[in-house]
Amino acid sequence: MIRWTEQCIPTLRNAPQDAEIASHRWMLRAGLIRKLAGGLYTFLPLGLRALRKVERIVREEMDRAGALELLMPALHPRDIWERTGRYEVLQEVMFKIHDRQDRELVLGPTHEEIITDLVANEIQSYRQLPRNFYQIQTKFRDEIRPRFGLMRAKEFIMKDAYSFDVDDAGATASYRKMYEAYRRIFERCGLRTRIVEADTGAMGGQSSHEFMVLAEAGEDGLVECSACEYGANLERAEIGDQPPRVFAEADKPAQAVPTPGRRTIVEVAAFLEVAPEQMIKTLIYQVDDQPVAVLVPGDREVNEVKLAHALAGVTPVLANDAQVEAVTGAPPGFAGPCGLENVRLLADERLHGLRGGVTGANQVDTHLVHVDLERDAAPLHYVDLVTAQAGDPCPRCGAPLQAKRGIEVGHVFKLGTKYSEKLGALYLDESGQQHPCIMGCYGIGVTRTLQSIIEQHHDADGILWPVGVAPYTVEVLIINHAHAPAVAAGEQLARVLTEAGLEVLLDDRDERPGVKFKDADLIGLPVRIGIGEKSLARGMVEMKRRTDGEVTECPPQDVLKTLAAWGIAP
RNA sequence: CGGGGCGUAGCGCAGACUGGUAGCGCGCUUGAAUGGGGUUCAAGAGGUCGCGAGUUCAAAUCUCGCCGCCCCGACCA
């Protein structure tokens with residue numbers, strides 16, 4: 001049992017101005033965290049208790065799934081990152097420091113290299129596999145823009161696990177185990193998550209799934225099918241087949257028309273009185289110093305993640321004005337596929353069979369109408385290049401997709417042998433043959449998960465902690481501190497509940513009842529037990545469930561029974 | 001990295017244009033009353049006005065530099 005007067009729970013009547021989203025405001029107002037600087041937060045006692053609850057759930061489920069906990073350094077020598085080539089890839093997000101010998105060290109943004117190096121040294125035989133190692137540790141990332149409190153911070157706590165298997169079947173089994181463990185973890189945290197297919201990004205590897213907490217404040221866009229189970233991050237979401245785009249007067253020959261000063265899709269469409277979807281947007285990218293023309297429907301946007309995949313992983317960079325002019329012979333705004341030579345052309349699938357289209361003529365102030373791509377442009381390579389949007393057909397079943405926003409709290413990857421090969425994590429099989437381990441990696445943003453719980457569980461008055469992660473389970477609230485019998489009864493009840501094994505916070509402050517009720521709602525412990533003069537006169541205490549406001553009275557000796565009926569057991 | 005905004009008491013803000021040595025609400029301390037949803041009265045404490053230069057008799061206020069924080073954007077022709 002802890003007394004409020006002996007704890008440090010600095011609740012705020014109003015939130016600091018820079019708190020943008022609900023969960024961030026409540027964390028500050030309820031005295032869970034305080035900001036040191038942008039993206040850097042102190043966990044106050046109540047916040048830390050909740051964080052430890054989340055960690056405990058993660059630990060229990062990881063252990064249950066057979067993963068082995070260890071702890072790796074946060075500080076890494078530069079060299080190990082260069083061995084996989086990821087020093088280059090991640091240098092933007094890595095904090096770098098130098099020791100007194102001027103040796104460069106980085107603060108770990110993730111730990112694939114470190115664990116793989118360990119396994120390379122310690123595991124030699126198939127008899128030692130499979131293994132899955134995990135840790136709960138602080139990661140450091142120099143985010144472009146930290147925001148939303150713990151959601152995107154420069155320093156955050158992550159649970160990261162790494163599996164090592166002898167073959168694909170084993171790797172898939174390890175992946176499934178983690179996938180299931182994650183479901184359980186988030187469920188126990190009281191989170192409703194949506195699992196979606198995801199891009200592997202800087203991690204590399206073959207496939208991955210993200211665990212998303214659906215929320216308006218989410219930083220990731222995703223789509224889910226209105227009919228089947230399909231769901232995917234927007235970076236990756238595929239789009240089902242759509243009928244070819246054939247517009248009016250499709251049979252007419254292509255014709256140049258003047259479009260003075262009309263450069264953008266919107267301007268040209270308005271000027272020529274055509275719809276944006278009738279237009280062929282032509283973007284010039286630089287890929288390894290070579291220009292590539294990318295064609296997409298005028299009403300769509302290029303998905304650069306998909307484009308990078310189509311370009312064998314090379315990150316495309318949009319060409320500058322001079323480069324566009326060198327390639328197309330016209331300033332930006334008038335590029336089109338017809339007559340474009342010496343440039344690699346990539347077209348989005350939705351343009352396949354397009355007739356009656358409108359596009360730039362590669363000549364200043366001029367566009368082409370009645371364009372038939374098959375007829376008027378060089379043979380094109382069609383791939384999926386645009387970002388999915390609401391209403392697009394599902395790639396699995398064709399039903400309309402819905403757009404949502406989500407907070408990525410977990411991500412599981414099949415990595416293959418990318419790291420094990422480069423760092424020499426090899427094992428000998430039964431016949432003495434050497435093979436690289438097949439790896440998987442699995443992350444959970446623990447601090448982000450904590451804040452997501454609040455994002456999903458709050459009302460107008462404060463937090464509604466799910467029992468499993470609440471900093472304390474029960475708040476005993478002495479309504480009138482001047483009423484000695486109530487004080488005594490509150491102390492007594494808190495003691496009894498604590499002895500029964502419950503985590504109890506006793507609000508023993510000499511405050512007005514209103515203040516204490518408001519604070520109780522704010523910090524949001526699952527159960528509030530009010531000890532008041534009036535009910536005490538009847539031999540009763542008042543129990544209130546925070547989640548749904550359910551209220552009941554019972555004699556103090558029946559409190560444990562009522563808690564049990566509410567599904568709260570010590 | 002580009003654009004915009006902000007930095008005055010723990011939190012929320014005013015004062016700045018028109019320089020004269022800092023104020024309001026909440027919170028905090030003490031006392032009293034009150035005691036079932038942020039109660040009331042009285043008396044207090046608390047500020048290098050982000051930092052550093054400059055202008056001036058005088059700078060929170062004007063000028064310059066720096067630092068920090070927040071928001072938007074980061075090239076979709």
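Please read all numbers here as calculations on a predicted model, not as lab measurements. Here is how names work: the chains are called A, B, and so on, in the same order as the sequence lines, proteins then strands, and each is numbered from 1.
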Considering only atom P, compute the distance from U48(B) to A22(B) and round it to an integer number of Å.
-> 12 Å
Go along nucleotides 23-32 of chain B 5' to 3' and tag each nucleotide: B for a protein heavy atom under 4.0 Å from its base, S when only backbone or sugar atoms are that close, - otherwise.
-> ---SS-----
Any strand is fair game: report the nucleotide pairing with G44(B) by Watson-Crick or G-U wobble, both distances under 3.5 Å, or none.
-> C28(B)
Please determine, for U55(B), whether a Watson-Crick or G-U wobble partner exists with both distances under 3.5 Å, and give it or none.
-> none
Whole-Å P distance, A59(B) and C51(B) | 15 Å
Find the distance K518(A):NZ to U39(B):P and express it as a whole number of Å.
-> 10 Å
Look at all strands and tell whether A319(A) reaches a base, only sugar-phosphate, or nothing, counting heavy atoms closer than 4.0 Å.
-> base
What nitrogen or oxygen pairs link the protein and nucleotides 66-70 of chain B at under 3.5 Å?
| unit_1 | atom_1 | unit_2 | atom_2 | d |
| --- | --- | --- | --- | --- |
| C69(B) | OP1 | G38(A) | N | 3.2 |
| C69(B) | O3' | K35(A) | NZ | 3.1 |

Separation of atom CZ in F517(A) from atom C1' in G37(B), rounded to whole Å = 7 Å
Pairs touching residues 353-379 of chain A that satisfy ring pair (Phe, Tyr, Trp, His ring centres under 6.0 Å), sequence neighbours left out = F334(A)-H367(A)
Can you list every pair that meets ring pair (Phe, Tyr, Trp, His ring centres under 6.0 Å) and has a residue in residues 300-319 of chain A, with sequence neighbours left out?
-> none
With sequence neighbours excluded, tell me which residues meet ring-ring contact (aromatic ring centres under 6.0 Å, His included) with H411(A).
-> F413(A)
Measure the distance from CZ on R29(A) to P on G12(B) and round it to the nearest whole Å.
-> 12 Å
Between K516(A) and H481(A), the residue closer to the 5' end of RNA chain B by nearest nucleotide is H481(A)
When the distance from CD1 of I523(A) to C1' of G38(B) is rounded to whole Å, what number comes out?
-> 15 Å
Contact residues, residues 276-288 of chain A to RNA chain B [heavy atom, < 4.0 Å] = K281(A), T282(A), L283(A), I284(A)
For G38(B), what is the paired nucleotide under Watson-Crick or G-U wobble rules, both distances under 3.5 Å?
-> none
Contact class for D521(A) (heavy atom, under 4.0 Å): base, sugar-phosphate, or nothing?
-> base
P-based separation of G12(B) from C71(B) [nearest Å] = 14 Å
Closest of G35(B), C11(B), G37(B) to the R512(A) side chain is G35(B)
Can you run down the salt bridge (charged side-chain N to carboxylate O under 4.0 Å, His left out) pairs that involve residues 372-388 of chain A, sequence neighbours left out, and say none if there aren't any?
-> K306(A)-D384(A), R350(A)-D384(A), R355(A)-D372(A)
Are Y472(A) and Q7(A) close enough, and set up right, to give a side-chain hydrogen bond (donor to acceptor under 3.5 Å, both in side chains), and what steps lead you there?
-> CA-CA 12 Å; Y472(A) 295 94; Q7(A) 245 297 8; 3.0 Å; yes
Please tell me which of the listed nucleotides, G36(B), G38(B), A74(B), lies nearest to the side chain of D519(A)?
-> G38(B)
Rounded to the nearest Å, what distance is computed from the CD atom of residue E533(A) to the P atom of nucleotide G37(B)?
-> 14 Å
Which value, in whole Å, describes the distance between the P atoms of nucleotides G15(B) and C24(B)?
-> 15 Å
Taking only Lys NZ, Arg NE, NH1 and NH2, and the carboxylate oxygens of Asp or Glu, determine whether E542(A) and R528(A) approach each other closer than 4.0 Å.
-> no
Test for a donor-acceptor pair under 3.5 Å between the base of G37(B) and the side chain of R528(A), counting only N and O atoms.
-> yes
Sorted by first residue and then second, give each ring pair (Phe, Tyr, Trp, His ring centres under 6.0 Å) pair with at least one member in residues 342-362 of chain A; sequence neighbours left out.
-> H352(A)-Y382(A)
Give one of base, sugar-phosphate or nothing for R262(A), where a contact means two heavy atoms less than 4.0 Å apart.
-> nothing
Check the distance between G12(B)'s C1' and R25(A)'s CZ and give it to me in whole angstrom.
-> 14 Å
5'-most by nearest nucleotide on RNA chain B - F334(A) or D461(A) | D461(A)
Determine the interatomic distance between P on U63(B) and the same-named atom on G20(B); round to the nearest Å.
-> 15 Å
Min side-chain heavy-atom separation I407(A)-Q451(A) under 4.5 Å = no
Inter- and intrachain pairs under salt bridge (charged side-chain N to carboxylate O under 4.0 Å, His left out), touching residues 330-346 of chain A, at least two apart | none
What interatomic distance, in whole Å, is found between P of A42(B) and the corresponding atom of G27(B)?
-> 15 Å
Considering only heavy atoms from C-beta outward, does the side chain of T110(A) approach that of R141(A) to under 4.5 Å?
-> yes
Quick note, L522(A) side chain, CB onward, closest among C75(B), G36(B), G38(B) is G38(B)
Taking any strand in view, what nucleotide pairs with A74(B) in a Watson-Crick or G-U wobble way, both distances under 3.5 Å?
-> none
Euclidean distance for C1', A45(B) against C70(B) (whole angstrom) | 32 Å
Ignoring the backbone of E542(A), work out which of G37(B), G38(B), G36(B) is nearest its side chain.
-> G36(B)
Side chain to side chain donor-acceptor pair (under 3.5 Å) partners for E455(A), two or more places apart | S23(A)
Opposite nucleotide pairing with C6(B), Watson-Crick or G-U, both atom distances under 3.5 Å = G68(B)
Not counting sequence neighbours, which residues clear side-chain contact (heavy atoms from CB on, under 4.5 Å) with E92(A)? List them please.
-> none
Mind checking V296(A) for me? I need base, sugar-phosphate or nothing, with any heavy atom below 4.0 Å counting as a touch.
-> nothing
Scanning all shown strands, the Watson-Crick or wobble mate of G23(B) with both distances under 3.5 Å is C13(B)
Side chain to side chain donor-acceptor pair (under 3.5 Å) with R152(A): which residues, sequence neighbours excluded?
-> E143(A), E219(A)
Nearest heavy-atom approach of G336(A) to T282(A) is CA-OG1, 3.5 Å
P atom, C13(B) versus U21(B): distance in rounded Å?
-> 26 Å
With heavy atoms under 4.0 Å as the rule, sort D299(A) into base, sugar-phosphate or nothing.
-> nothing
C49(B) -> Watson-Crick or G-U wobble partner, both distances under 3.5 Å, gives none
What is the distance from CD1 of I144(A) to P of G2(B), rounded to the nearest Å?
-> 14 Å
Under 6.0 Å from the six-membered ring centre of W4(A) and within 45° of its axis: does the NZ or CZ of R509(A) meet both?
-> yes
When you get a sec, tell me which of C11(B), C72(B), G36(B) is the closest nucleotide to the side chain of R147(A)?
-> C72(B)
Testing G37(B), C1(B), G12(B) for proximity to the side chain of P16(A), the answer is G12(B)
